[in-house]
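Before any comments, here is the structure.
Remember, it's 1-based here, ligands and their atoms both numbered in the order they're listed. The first residue in the sequence is number 1, and the count goes up from there. Note that the structure is predicted; figures quoted are calculated from it, not measured.
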Amino acid sequence: MIEPDELTDKLVTALPGLLPALRWFGGKDQPITSVRPLRTTPLDGDLVHVLVEVEQPGRTEMYQLLVSEDADGFDATADPERNEQLLAKIAANATAGTIHFRHEPGVELRTGLRGRPIGVEQSNTSLIYGQQYILKIFRKIVFGGNRDLEMHQALRSVGCEHIARPLGSIETDWDCIPITLGMLQEFMPDAVEGWAMATTSVRDLMAEADLHADEVGGDFAGEAQRLGHAVAKVHADLVEALGSRIAGPDAISTAIAGMQQRLDTVLASVPELGRYEDALRATFEDARQHVGEIPIQHIHGDLHLGQVLRTVHGWLLIDFEGEPAATVEERNALRSPLRDVAGMLRSFDYAARQLLVGQPDDDQLAYRAMEWTKRNRAAFCDGYAEVAADPRDNAHLLRAFELDKAVYEVAYEHANRPEWLTVPLSSIARMTSGGE
Ligand SMILES: Nc1ncnc2c1ncn2[C@@H]1O[C@H](COP(=O)(O)OP(=O)(O)O)[C@@H](O)[C@H]1O
Ligand SMILES: O=P(O)(O)O[C@H]1O[C@H](CO)[C@@H](O[C@H]2O[C@H](CO)[C@@H](O)[C@H](O)[C@H]2O)[C@H](O)[C@H]1O
């Protein structure tokens with residue numbers, strides 16, 4: 001077995017080169033100045049859990065790795081045999097060093113299942129055990145309570161029908177501050193991501209030159225409406241579990257100041273946004289002047305079509321961590337549920353617009369994309385309004401939230417998928433020039 005000192009040396013040398021290529025690594029915008037392994041915890045066999053500190057100009061962050069000496073690029077999560085023991089430890093409420101594996105009270109887990117990494121790498125690494133469970137390994141360490149786990153537990157406590165059941169967790173601490181390393185949930189083998197369904201529907205429409213969105217086979221509007229209904233139900237369940245309150249003008253001013261601040265930050269790194277600065281600031285200010293009081297509560301925080309799954313029983317919301325770039329305080333703050341609505345409305349726009357990326361200019365295709373977006377955004381709001389107030393009744397605030405999200409997306413695409421930068425930028429161009 002590899003000795004701890006030898007492992008530390010190897011990681012210090014290899015990680016600065018490996019990390020920037022990994023999707024889950026959140027610091028792609030800055031060079032890495034140093035990588036320091038802080039704690040190694042042997043699990044079973046040659047599997048070792050490592051907490052590393054990554055230093056970059058202006059930030060120091062901690063990430064977790066599961067390594068073994070013969071694993072490709074050190075990452076042991078790619079090996080289904082090794083991953084089996086993580087589930088076994090959760091099932092047994094086991095402890096390794098300061099790492100505690102726990103199942104939720106009353107849950108009995110099946111063991112002996114291999115943990116296959118999910119194909120797509122996102123902000124975290126997820127392992128699927130048989131057809132039963134999914135274990136999310138949180139890559140960037142967040143100190144204190146884990147929002148994803150806590151929101152799932154809260155929603156479960158009020159019998160929410162639109163989430164996957166939380167089944168267990170992996171926890172540790174650092175200087176007595178709790179850290180959640182992983183969350184085990186019920187896996188939905190029949191689930192299809194909303195993003196895949198929506199983009200398929202857009203493609204169907206674009207392939208049919210003569211038909212309109214409501215005449216094409218893969219029309220998504222019925223699903224969009226059910227999704228709006230499900231999101232409103234989850235919002236209502238979050239209020240039932242964790243409460244809500246009314247925010248007055250001061251809180252609204254603070255929220256608007258946050259939008260202006262985010263705009264400042266993104267403008268500094270993405271010059272292409274500059275031409276919309278005045279119009280964006282004016283829209284934010286307009287919202288501040290028009291909005292008096294609003295209800296605030298715990299929300300999803302990063303809702304988009306990639307965060308919802310369609311199962312045979314209906315829509316599920318997943319991944320309640322909030323925006324990857326947000327601070328812990330921002331994620332945990334009570335906020336308007338219209339932020340989630342805005343995130344989803346942006347996503348309908350994304351689903352249609354991303355199919356135009358890299359295509360020669362084609363007015364007909366652009367028109368069809370807009371048609372699809374309008375139809376599905378309206379259907380989503382209709383579904384939401386079956387349960388709660390119609391989001392469109394609060395147009396100023398909704399518009400500000402949408403533009404704020406688009407500014408966030410500009411930063412996200414700039415750092416992760418530069419070829420998609422035109423997607424949020426073209427939406428900002430349209431929205432700031434009076435379009436829907
Ligand atoms: N309970 C589940 N059942 C089926 N698939 C799931 C489930 N939870 C997540 N997934 C799949 O795993 C992917 C990643 O999950 P997510 O929680 O969004 O992780 P990340 O934080 O890495 O974005 C999702 O896009 C979805 O396809
Ligand atoms: O799912 P994550 O929590 O990792 O969210 C981040 O990545 C998303 C992309 O995977 C990003 O979402 C943007 O692209 C989506 C299509 O890929 C689109 O559905 C969303 O509307 C758009 O915001 C998300 O913003 C980011 O936080």
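Numbered from 1 in the order shown, with element, the atoms of ligand 1 that lie under 4.0 Å from a heavy atom of A164 read 1 (N). In the vicinity of E321, heavy-atom distances shorter than 4.0 Å reach the ligand 1 atoms 21 (O). Taking every heavy atom of Q307 and a limit of under 4.0 angstrom, the matching atoms of ligand 1 come to 18 (O). Heavy-atom contacts of L309 reach the following atoms of ligand 1: 2 (C), 3 (N), 4 (C), 5 (N), 6 (C), 7 (C), 26 (C) (cutoff under 4.0 Å). Atoms of ligand 2 found under 4.0 Å from any heavy atom of Y408 (numbered from 1 in listed order, with element): 25 (O), 26 (C), 27 (O). Numbered from 1 in the order shown, with element, the atoms of ligand 2 that lie under 4.0 Å from a heavy atom of E409 read 21 (O), 22 (C), 23 (O). Near G306, with a cut-off below 4.0 Å to any heavy atom, the atoms of ligand 1 are 25 (O). Applying the 4.0 Å criterion to heavy atoms of I118 picks out, from ligand 1, the atoms 11 (C), 12 (O), 13 (C). Every atom of ligand 1 with a heavy atom of I134 under 4.0 Å away is listed here by number and element: 1 (N), 2 (C), 6 (C), 7 (C), 8 (N), 9 (C), 10 (N), 12 (O). Shown in contact with D319 at under 4.0 Å from a heavy atom are these atoms of ligand 2, numbered in order with element: 3 (O).
No side-chain heavy atom of Q64 sits less than 4.5 Å from a side-chain heavy atom of V50. Counting heavy atoms from C-beta on, the side chains of L425 and Y276 come closer than 4.5 Å. For the pair V308 and M344, the minimum side-chain heavy-atom distance is below 4.5 Å.
The N/O atoms of R346, backbone and side chain alike, include none that comes under 3.5 Å of an N/O atom in ligand 2. The shortest N or O to N or O distance between T125 and ligand 1 is not below 3.5 Å. An N or O contact shorter than 3.5 Å is missing between K405 and ligand 2 by distance. Taking any N or O of M188, backbone or side chain, at least one lies under 3.5 Å from an N or O belonging to ligand 1.
Counting only distance, with no hydrogens or angles, the side chain of N124 and the backbone of R139 share a donor-acceptor pair below 3.5 Å. Side-chain N or O atoms of D340 include one that pairs as donor or acceptor with a backbone N or O of H300 at under 3.5 Å. With hydrogens and angles ignored, the 3.5 Å screen pairs a side-chain donor or acceptor of S347 with a backbone N or O of L305. Between the H162 side chain and the L317 main chain, no donor and acceptor come within less than 3.5 Å of each other.
Q185 does not count as a contact of ligand 1, since none of its heavy atoms falls under 4.0 Å from the ligand. At least one heavy atom of R417 sits less than 4.0 Å from an atom of ligand 2. Heavy atoms of E323 stay at 4.0 angstrom or farther from ligand 2.
Contacts between E186 and ligand 1, counted as non-hydrogen atom pairs separated by less than 4.0 Å, involve the backbone only. Contacts with ligand 1 closer than 4.0 Å are made by no heavy atom of D148, backbone or side chain. Residue contacts with ligand 1, taken as heavy atom pairs separated by less than 4.0 Å, involve N124 via backbone and side-chain atoms alike. Residue contacts with ligand 2, taken as heavy atom pairs separated by less than 4.0 Å, do not involve N416 at all.
The one candidate from R339, R331, K405 that meets the side-chain hydrogen bond (donor to acceptor under 3.5 Å, both in side chains) condition with D302 is K405. Tested against Y129 for a side-chain contact (heavy atoms from CB on, under 4.5 Å), the candidates I134, L109, L86 yield a single pass: L86.
Proximity annotation for atom 26 (C) of ligand 1: of R165, H304, Q131, E193, E193 comes nearest, heavy atoms only. Considering F348, W420, W195, Y412 only, the shortest heavy-atom separation from atom 7 (O) of ligand 2 involves Y412.
Salt-bridge formation is not detected for the pair E161/K233: no Lys NZ or Arg NE/NH1/NH2 atom is positioned less than 4.0 Å from an Asp or Glu carboxylate oxygen.
Of all heavy-atom pairs spanning G194 and F220, the tightest one is O-CZ, 4.3 Å. Taking all atoms of both residues into account, the shortest heavy-atom contact from G130 to L113 is N-CB, 4.3 Å.
Of all protein heavy atoms, the one lying nearest to atom 1 (O) of ligand 2 is H304 NE2, 3.2 Å. For atom 19 (O) of ligand 2, the nearest protein heavy atom (residue, atom name, distance) is S347 OG, 2.7 Å. Of the protein's non-hydrogen atoms, D302 OD2, 3.2 Å is the one closest to atom 5 (O) of ligand 2. Annotation: atom 10 (O) of ligand 2 to nearest protein heavy atom, R23 NH2, 3.2 Å. Here the protein heavy atom with the shortest distance to atom 4 (O) of ligand 2 is S123 OG, 2.6 Å.
Between the side chains of Q153 and E104, a donor-acceptor pair is found at a separation under 3.5 Å. S427 and R346 share a side-chain donor-acceptor pair at under 3.5 Å.
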Next on the checklist: Using the rule given for side-chain contact (heavy atoms from CB on, under 4.5 Å), can you reason through D75 versus L65, listing the C-alpha separation, both sets of side-chain angles and the distance that settles it, and then say yes or no?
Outcome noted: CA-CA 7 Å; D75 186 6; L65 304 170; over 6 Å; no

Checklist entry - How far apart are the C-alpha atoms of L273 and L263, what are their side-chain angles, what is the distance that settles it, and do they pass the side-chain contact (heavy atoms from CB on, under 4.5 Å) test? => result CA-CA 9 Å; L273 190 58; L263 179 57; 3.8 Å; yes

